[in-house]
Amino acid sequence: MSATVHDVDRQTAVTSLRSKDLLGISELTPEEITLILDTADVMTEIASRPIKKVPALRGKTVVNLFFEPSTRTRTSFEIAEKRLSADTLNIAIATSSVVKGETLADTALNLEAMRPDMIVLRHSSSGACHLLSRICKSAIVNAGDGMHEHPTQALLDAFTIRERKRQLKGLKVAIIGDLLHSRVLRSNILLLTKMGADVWVCGPPTLMPADIRRFGVTATSSVDAAVKDADVIMLLRIQLERMEGAFFPSLREYFNVFGMTEARLTLARPDVMIMHPGPMNRGVEIASEVADGPYSVILDQVANGVAVRMAVLYLLAGGANHEDAA
Amino acid sequence: MKTLLKGGRVVDPANRIDGTRDVLIDGDRIARVGTDLPADGANVIEIPDGLVICPGFIDMHVHLREPGQEHKETIATGTAAAVAGGFTAVACMPNTNPVNDDANVTTYILDKAREANLARVYPIGAISRGSNGELLADIGDLRKAGCVAITDDGHPTKTALLLRRALEYAGMFGIPVIEHCEDPSLKGDAVAHEGYYAASLGLRGMPGAAEALGVERGILLAELTGSAFHVAHMSARASLRAVRKGKDARVRVTCEVAPHHFTLTDEALATPLAYDTNTKMNPPLREAADRDAMLDGISDGSVDAIATDHAPHHYDEKKVEYDRAPFGIVGLETAVPLSLDRLVHTGRIRLSRMVELLSVNPARILNVPGGTLSEGAPADITIVAPDLKVRIEAARLRSRSKNTPFDGWELRGGVAATFVGGRPLYVNADAMLALGTTPGVV
């Protein structure tokens, strides 16, 4: 495998990541994003082999530290780690604001004492990965922190778009749903604008972050305007409990105003891609006909998640340099 | 025993003095202020050039944490921080454990303050029992025991009705009601100012309107009752607009601004250190337009006082996820350098206006002694060194807690010495090298 990776390295402007951690897309340069996506191209090939395992992370210990329930992301990371031959350990800690256990800092220090090489962290508090990265020497990979970022999701989304459209530059990408509470949105906005896409965000004003336009996007509450001539439509999950905060009146009304239906889809470009980071609420943000329809790449996203996470872990472990040393 | 402060610039706005004067202290009182006063057996202290003698600064909004949270601060450590920061008196908030809703707690605080024997301490009592917004506390008892104002600070007064009753009742005793202005439903579980930085960091935000609604409510009720209403730690431009309108309508409303709110903006949440929990306070650091409005209000006289909202927290409590960290920062030892650097040296206000904000007006609002160097007034004196280069070092703060966002900041202006009741309780050796007989440093 290393030979192929080295070929990739020669084609890209940079050959390694500057930071020891992946805290968010905000820290990445466009060149680093391209490096990760190019590396993921190589990793995709591994998944097609009969023996889907390479020794890149042999002898490395990766801890998947999950403070929030997650099936998709945790499984995806774990498969990625195993395909790279890392020793993996899953720690799931149920947290609630009521139960006061050990502090995150103490948990991190205890883990750190056992010298893991990487910690993949999912946490309900924005900035939890920043806290960890200040305490730990291990590489920290953000697997979703509060409402802040979910960088590997944005990377796998970009990878999926690039697979079909060859490049991100100039594409109209419409992101529709709960913008306020979405870490997927933040990472995607950062990545897509860095790569030159024309990003539109759409949702009810109640679910729109303050000053959203300062992120360099076009914001609208008109689905039609957002969808018109879109190359990519990303739908974000609407959480049932948001009704309690009076963010919108009912799921039925949400679907009527914002739900992605086949009729609305006709406004988009004929080769539009429909994406969703999951888990989906069928009949709320997306009609089943659209989710299961010919434009949907939702399962491709899941498949690509493994390759992109392999690329991230591989590069954070030192990439080709590490292999040379070993 | 007499002490003569010889040859310094005296700034005493209450007596319209700004010029070179001698100040004669007799025991714990100011005996005379004049030119070329005779030594007459007094201990003479030559005031070096460049230092300014002011009436003692009064911080009308601090959390001393005692009783109940002595791991954060005690009355002894808090008043040591006060004198080191140039404050001769502090007014302490009632959200201790137990809450200062009872004369016994007030008496306990005053006993501890007497033991510490540093800055003067003026307790502020609770509006409601347990500050839980249901029944009025025994405000008459609190007043008698020494409380100078009432508030349910930390939270807004629960209902408009209770705030109305508090204003009516406190009015009878001639004490102001101090309000943490905030609409709880608009604030929700927010941890930051609602704006670009909260949005990009994924932090729940509260808008300035949440504060301004509380300000508007209080002003309407102050108008209704004719009582004195004081807006604590004002931070939003809409609040300032409401205060100006209230003052124009001759409502008895006053307000204070904390140094962090005229210095920092919500950009500090992202840089230089993202998610630094020492940028988390309530009200939150707001956007530049709000910060600039606070500066304008300070310049044009709409703002009455600078108060720190000194809120010590143990480092364990701050070394957590941003949304789990408690609100608040320490402020007693950074207020004067920040005021000099950000307000006076930028040309926004003159030194005499700074003295009004830090001394004259707090004394007037709380109706406590001080705020002047008049003959017979307590000899509470703050000597500032406007051109002293100061470097803030969190580890060296005298407060028991070190939660400041200003660690490592270099500022122009500091405190040279603090006298309480004629006793020099703090002397900054860097600024006061020329002090003849070096008074004891506490």
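Residue numbers start from 1 in every chain, and the chains themselves are labelled A, B, ... in the order their sequence lines are given, proteins ahead of strands.
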Q.
Only heavy atoms, only distances under 4.5 angstrom. Which residues in residues 185-199 of chain B are near chain A?
A.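 Heavy-atom contacts from residues 185-199 of chain B to chain A are B:Glu194, B:Gly195, B:Tyr196, B:Tyr197, B:Ala199.
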Q) Are there residues of residues 269-288 of chain B that reach to under 4.5 Å of chain A by heavy atoms, and which ones? A)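 Within residues 269-288 of chain B, the residues that come under 4.5 Å of chain A (heavy atoms only) are B:Leu273, B:Ala274, B:Tyr275.
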**Q.** Check: B:Arg324 and A:Ser125 side chains under 4.5 Å, non-hydrogen atoms
**A.** yes
When rounded to the nearest 0.5 angstrom, what distance separates [atom1] in [X] from [atom2] in [Y]?
X: B:Lys319; Y: A:Leu131; atom1: NZ; atom2: CG; value: 8.0 Å
X: A:His130; Y: B:Glu321; atom1: NE2; atom2: CD; value: 13.5 Å
X: B:Ser200; Y: A:Glu149; atom1: OG; atom2: CD; value: 9.0 Å

Q | Interchain contact, A:Asp145 with chain B, by part (heavy-atom threshold 4.5 Å) | A | side chain
Q: Examine whether an atom of A:Arg134 lies under 4.5 Å from a heavy atom of chain B, and if so say whether it belongs to the side chain, the backbone or both; otherwise answer neither.
A: side chain
Q | side-chain contact (heavy atoms from CB on, under 4.5 Å) assessment of B:Leu201 paired with A:Ser126 | A | CA-CA 7 Å; B:Leu201 293 168; A:Ser126 301; 5.8 Å; no
(Q) Surrounding CZ of B:Arg241 (heavy atoms of other residues, nucleotides or ligands, distance under 6.0 Å), is the total greater than 12? (A) no
Q.
Looking at B:His155, I want to see if its NE2 is surrounded by more than 12 non-hydrogen atoms of other residues, nucleotides or ligands under 6.0 Å.
A.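 12 or below, so no.
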Q) Mind checking what makes side-chain hydrogen bond (donor to acceptor under 3.5 Å, both in side chains) contact with B:Thr151, not counting sequence neighbours? A) none
Q: Find the one option among A:Pro209, A:Gly24, A:Ala105, A:Gly127 whose heavy-atom pairs under 4.5 Å with chain B are most numerous.
A: A:Gly127
**Q.** Contacts of residues 214-223 of chain A with chain B (heavy atom under 4.5 Å)
**A.**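 Only A:Arg214, A:Phe215 of residues 214-223 of chain A have a heavy atom under 4.5 Å from chain B.
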